[in-house]
Trainee: 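Structure incoming, see below.
Since the model is a prediction, treat every value here as computed from it, not as a measurement. In what follows, every chain begins at residue 1, and chains take the letters A, B, ... in the order their sequences are listed.
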Amino acid sequence: MRGILLVARRDLGAYFNSYWGFAVIAAVLVIDGLLFNAFALGNTAKYSAKVIEDFFYWSFGLTAIASVFMTMRLVAEERQTGTIVLIDASPIAPWQFVGGKYISAMVVMALLVLSTIYMPALVFVNGKVSYGHLVAGYSGLLLVAAACSAIGTLASAVARSQLVAGVISASMVGFFVLGWMVAKVTDPPLNDLFSYMSFFDRHFRGFGRGQINSEDVVFYLSIVFVSLMLASRFMAARRWR
Amino acid sequence: MIEAQGLTRYYGDFAALRDATFTIPDGEIVGFLGLNGAGKSTVLKILAGLLLPSAGKVTIDGIDATTQPDALRRKIGFLPEDPPLYGEMRIAEFLEWVGQLKGRSRAQVRAALPEVLEQCELTDFQDRVISELSHGYKKRVGIAHAIIHKPDVVILDEPISGLDPQQIVQMRAVVRNLTANATVLISSHILSEISLTCERVLMIHQGRLVMDGGPKELGGRSSEGRLLRLELRGDRAKVDDALAESPLVSKAELRSAEDGLVTADVSLTGDHREKLVAELVTAGFGIRAVSDAVSELEQVFLECTRTQVLDKKAGQRVKV
């Protein structure tokens, strides 16, 4: 655990010293704010619950995209700058390194997700919002951030450069997000598989409506576990070559 | 004590290191000398627990690098040619972090920090941000990071590369300071640097250890069978005759140049440079220039590899 916290502590510092973390958070907040105003609030009368559901719909996509940008540098940057030697020459286990990197990314992603709270809070002014709806929606967003960040960590562990890591990560996240569209044009049993793997259509809509299904929680946590385990295996294989 | 037995490392089909066997007692300062691509960094990376040997075995104080890599990494401080530093951190903050990464407690690292900063002459700079430091100071921070956890073996890969002459002198002092507490291994392709810093030299050529000895022995070898380039004024046939008859010369290759000048690449039977020049001047030739036909390091390599070939022809086992 000590190794994980050491890596996470330094990496968190790197996010905010390089302004990368601030830049991504600022960009997401601006875009999310515009989308909230234009589409979630809109010009027509809506129930508050529908406004919140639309807010989570747009926030889902932005959270997934932000995770890709936030994680692409995690391991690939260390490899590019040569600082990976510090880790390779230390008695720290690959899973500790990957765990620390992931935790630092998740702290930043959690800050990002929670900093959007002012938007649903505005609905309180003229509407009626269920706290349970908000808790469920934000739980969903945090789980999406967790899964996408884990995929990004895996991509960064595999790739030699940040750009390649970003492309791999975006492709994988894109596959999981848009899988439901592919499911519509494929035959059984592939359509069932694509449909089940869909981050949004199958596993997020419930959160957006204020429901927490244990099946969806387990799905996202499974993605996190498998991705981080694979990332650790890649790091271990690369360390001793 | 470091014991390497038959270390071999392949990159694909290319053998970067072949059958290297050596023993290094505690507290020694040993230089790995060789041209670029000779295999120096490969040996050091294997010793640092960064590379797995394709064959052979290495132990440090009985700890096997292959089976107990984490235990080995605790005993090693490794500085690659480009210091692995996080530019956004301050020196003291970075060293504290590295010390803990190497398995020491925060209290242990904080206790060791003043001495390490002093050893590397960084005390006055400990609050500086690393990215703002000059190359020489970054190298010092690199050395400090390699010793912050009090390792038994410090491995420095090309520690003086990219430094200016003043920084080289300072770095030499820093490196010598390290030997009080640890065995120090250094790699370099600069013969004079290794001679000045190390007690013992292991020379690597094309992945093989071709010499193991003290710097004096190395200096002696570099004058045996020396290749000189002479630029003379005189008749080519007469120069050819004079060199052929000289007992100081084992072989000479001549080329004619413009304005009656002759260039001769001469292989000597020993270090007879002054005698040969005197002989040629006495014979009436004008000496325009005398220089090494190949670099000093190449001279030593040529001598070492020639000896090895001869030993092999004689069917004897080569001592490395």
Trainee: Flag the one option from A/V85, A/T83, A/V7 with the top tally of heavy-atom pairs under 4.5 Å to chain B.
Mentor: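 Ranked by contacts with chain B, first place is A/T83.
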
Trainee: Determine whether more than 12 heavy atoms belonging to other residues, nucleotides or ligands lie under 6.0 Å from atom CZ of A/R9.
Mentor: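 Atom CZ in A/R9 is crowded, with more than 12 foreign heavy atoms closer than 6.0 Å.
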
Trainee: Rounded to the nearest 0.5 Å, how far does CZ of B/R106 lie from CG of A/L6?
Mentor: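 The CZ atom of B/R106 is 8.5 Å from CG of A/L6, to the nearest 0.5 Å.
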
Trainee: Check this for me: does any side-chain nitrogen of one of A/R10 and B/E93 sit under 4.0 Å from a carboxylate oxygen of the other?
Mentor: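 No, A/R10 and B/E93 are not salt-bridged.
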
Trainee: Grab the two heavy atoms, one from A/G82 and one from B/P84, that are nearest each other, plus how far apart they are.
Mentor: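 Nearest pair, atom of A/G82 first, then B/P84: O-CB, 3.7 Å.
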
Trainee: Search all heavy atoms of A/A14 against all heavy atoms of B/E88 and return the closest pair with its distance.
Mentor: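 That would be CB-OE2, 3.6 Å.
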
Trainee: Should we say atom CZ of A/F16 is surrounded by more than 12 heavy atoms from elsewhere, each under 6.0 Å from it?
Mentor: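 Above 12, so yes.
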
Trainee: Does atom CZ of A/F225 have more than 12 heavy-atom neighbours from other groups under 6.0 Å away?
Mentor: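 Counting neighbours around CZ of A/F225, 12 or fewer heavy atoms of other residues, nucleotides or ligands fall under 6.0 Å, so no.
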
Trainee: Can you establish whether the number of heavy atoms outside A/Y118 located under 6.0 Å from its atom OH is more than 12?
Mentor: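 Buried by this count: over 12 neighbours within 6.0 Å.
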
Trainee: For the CD atom of B/Q100 and the CD1 atom of A/I92, what is their distance to the nearest 0.5 Å?
Mentor: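 It is 11.0 Å, given to the nearest 0.5 Å.
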
Trainee: Take atom CZ in A/F175; do more than 12 heavy atoms of anything else shown fall under 6.0 Å from it?
Mentor: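 Enclosed: over 12 neighbouring heavy atoms sit under 6.0 Å from CZ of A/F175.
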
Trainee: How long is the gap from OG on A/S90 to NZ on B/K102, to the nearest 0.5 Å?
Mentor: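 Interatomic distance, A/S90 OG to B/K102 NZ, rounded to 0.5 Å: 4.5 Å.
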
Trainee: Evaluate whether atom CZ of B/F125 has more than 12 neighbouring non-hydrogen atoms of other residues, nucleotides or ligands under 6.0 angstrom away.
Mentor: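 Counting other residues, nucleotides and ligands, CZ of B/F125 exceeds 12 neighbours.
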
Trainee: As an exercise, state the distance from CG of A/L86 to CZ of B/F94, rounded to the nearest 0.5 Å.
Mentor: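 Spacing of CG (A/L86) from CZ (B/F94) equals 5.0 Å.
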
Trainee: With a 4.5 angstrom heavy-atom cut-off, which part of B/L85 approaches chain A: side chain, backbone, both or neither?
Mentor: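 Only the backbone of B/L85 comes within 4.5 Å of chain A.
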
Trainee: Below 4.5 Å from any heavy atom of chain A, which atoms of B/H145 appear? Answer side chain, backbone, both or neither.
Mentor: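 Only the side chain of B/H145 comes within 4.5 Å of chain A.
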
Trainee: Would you say NZ of B/K57 has more than 12 non-hydrogen atoms from neighbouring residues, nucleotides or ligands within 6.0 angstrom?
Mentor: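 Check fails, neighbour count at 12 or below.
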
Trainee: Please say whether more than 12 non-hydrogen atoms of neighbouring residues, nucleotides or ligands are located less than 6.0 Å from CZ in A/F219.
Mentor: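 Buried by this count: over 12 neighbours within 6.0 Å.
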
Trainee: Side chain from CB out, backbone as N, CA, C, O: work out which of these in B/I76 comes under 4.5 Å of a heavy atom of chain A, or both, or neither.
Mentor: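 Neither part, no heavy atoms under 4.5 Å.
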
Trainee: Where does A/E78 contact chain B at under 4.5 Å (heavy atoms): side chain, backbone, both or neither?
Mentor: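 Side chain only.
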
Trainee: Enter the distance from B/K45:NZ to A/D88:CG here, rounded to the nearest 0.5 Å.
Mentor: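 Spacing of NZ (B/K45) from CG (A/D88) equals 10.0 Å.
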
